[in-house]
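Comments concern the structure below.
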Amino acid sequence: MNAAPFNLDLTLESGQVFHWEKIGPGEWRGLIGETPVCIQSRCGEVFAEPHDVELVWNYFSLDHPLEEIYRDFPTDATSQAALSACRGLRIIRQPRWECLATFITSSMKQVAHIRAMSLEIRRRFGRKVVGSPTNAYPSPEALAACTESDLRACGLGYRAKNLVATAREVASGRVDLAAIAQLETPALRAALECLPGVGVKVANCVLLFAYERLDAVPIDVWIGRILLAMRRGRSGTATQLARYARRRLGPYAGYVQQYLFHHARVSPKFTP
DNA sequence: CGCCAGGGTCTCG
DNA sequence: CGAGACCATGGC
């Protein structure tokens with residue numbers, strides 16, 4: 001299938017999903033939900049095994065209008081540098097529970113360790129998938145049945161309590177992750193923030209990565225520093241930075257944020 | 001060893 | 001609303 005521009009490496013290395021394994025140049029193995037997939041991208045052409053176009057197209061958001069998004073990119077030097085470095089990076093449509101759960105574990109953790117925790121949670125509590133070395137992400141029910149110390153054994157530390165509590169909210173049906181997709185963004189954000197371990201930042205990650213709200217801007221320490229630098233010294237509280245991001249990053253602010261984040265993180269000489 | 005990481009929550013001005 | 005303390009863990 002043809003999907004230019006699409007850069008698989010950038011997409012899978014930009015801290016959105018944490019379970020894919022690189023098995024060759026531009027070639028990755030992982031799971032889309034519970035379906036094991038091998039995928040390779042060359043020159044805008046995508047090859048996937050199994051050849052399930054619909055599944056791959058949807059997961060990697062190959063329908064997102066990247067050229068239109070690029071036309072709306074901010075014109076400042078920082079954003080344009082991030083754009084030329086990350087062209088072809090796409091915001092993935094993640095399964096909702098998987099996204100919510102992994103970002104609850106993400107607080108004050110580096111990407112590499114989020115990955116390690118996520119893989120351990122899959123290994124211990126996820127359903128085995130034939131043809132995949134990686135297990136599926138455990139269901140809300142499976143994690144709801146865990147104790148806090150079960151999850152501490154996966155390296156979660158104080159995050160274990162929140163993950164179990166949120167799993168129980170979802171498994172019990174008190175929160176329906178599919179039903180709330182119909183809500184407008186402010187109401188959806190509020191619903192997510194009611195869950196234990198979900199604050200402003202994690203809610204925005206879930207809005208962007210699992211609910212297709214492409215204007216949602218997660219502000220972590222990296223993006224915080226970048227926005228502060230873009231504001232030229234004017235000091236910024238969290239609310240000021242959020243307002244600035246909403247005003248300056250345009251209709252696809254979430255995309256811009258993801259490009260800024262990844263570019264900064266892989267630039268050895270990044271000093272805001 | 002000290003510092004930092006895709007923060008949330010509670011308390012106190 | 002804003003600032004601070006506290007929460008665990010691993011990498012460098």
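Here is how names work: the chains are called A, B, and so on, in the same order as the sequence lines, proteins then strands, and each is numbered from 1.
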Inset, instruction - Could you tell me the separation between the CG atom of Asn162(A) and the P atom of dG7(B), rounded to a whole number of Å? - result: 14 Å

Legend entry - Touch class at under 4.0 angstrom, heavy-atom based, for Gly155(A) against every strand present: sugar-phosphate

Inset, instruction - Just call it for Gln258(A): base, sugar-phosphate, or nothing, with non-hydrogen atoms closer than 4.0 Å on any strand. - result: base

Inset, instruction - Would you mind reading off the distance between Asp220(A) atom CG and dC4(B) atom P, rounded to a whole angstrom? - result: 15 Å

Legend entry - Whole-Å C1' distance, dC4(B) and dC7(C): 15 Å

Inset, instruction - Could you pick out which residue, Leu195(A) or Arg159(A), lies toward the 5' side of DNA chain B when each is mapped onto its nearest nucleotide? - result: Arg159(A)

Inset, instruction - Look at all strands and tell whether Ile223(A) reaches a base, only sugar-phosphate, or nothing, counting heavy atoms closer than 4.0 Å. - result: base

Inset, instruction - Name the nucleic acid region contacted by Thr166(A), choosing base, sugar-phosphate or nothing; use a 4.0 angstrom heavy-atom cut-off, strictly under. - result: nothing

Inset, instruction - Ignoring hydrogens and angles, answer whether the base of dG6(B) and the side-chain atoms of Gln257(A) contain a donor-acceptor pair closer than 3.5 Å. - result: yes

Inset, instruction - For the pair Asp9(A) and Lys22(A), find out whether any cationic side-chain nitrogen is under 4.0 Å from an anionic carboxylate oxygen. - result: yes

Legend entry - Nucleotide dG2(C), atom C1' - distance to CZ of Arg243(A) in whole Å: 13 Å

Inset, instruction - Report the distance from atom CE of Met117(A) to atom P of dA8(C), rounded to the nearest whole Å. - result: 14 Å

Inset, instruction - Round to the nearest Å and state the distance from Arg115(A) atom CZ to dG6(B) atom C1'. - result: 16 Å

Legend entry - Short side-chain N/O contact to dA5(B) OP1/OP2 from Arg225(A), under 4.0 Å: yes

Legend entry - Distance in angstrom units between His113(A) NE2 and dG11(C) C1', rounded: 9 Å

Inset, instruction - Could you tell me whether Glu148(A) and Lys161(A) make a salt bridge, using a distance below 4.0 angstrom between a side-chain N and a carboxylate O? - result: no

Inset, instruction - Quickly work out the Ile114(A) CD1 to dG11(C) P distance and round it to whole Å. - result: 14 Å

Inset, instruction - Could you tell me whether Tyr255(A) and Tyr70(A) have their ring centroids closer than 6.0 angstrom? - result: no

Inset, instruction - Could you tell me whether Phe18(A) contacts a base, only the sugar-phosphate backbone, or nothing, with contacts defined as non-hydrogen atoms closer than 4.0 Å? - result: nothing

Inset, instruction - Indicate whether OP1 or OP2 belonging to dG2(C) is found under 4.0 Å from a side-chain N or O atom of Thr237(A). - result: yes

Legend entry - N or O in side chain of Thr239(A) less than 4.0 angstrom from dG2(C) OP1/OP2: yes

Legend entry - Length of the line joining Ile219(A):CD1 and dA5(B):P, which is rounded to integer Å: 16 Å

Legend entry - Distance flag, aromatic centroids of Phe73(A) and Tyr259(A), threshold under 6.0 Å: yes

Legend entry - Centroid-centroid distance, Tyr137(A) to Phe18(A), less than 6.0 Å: no

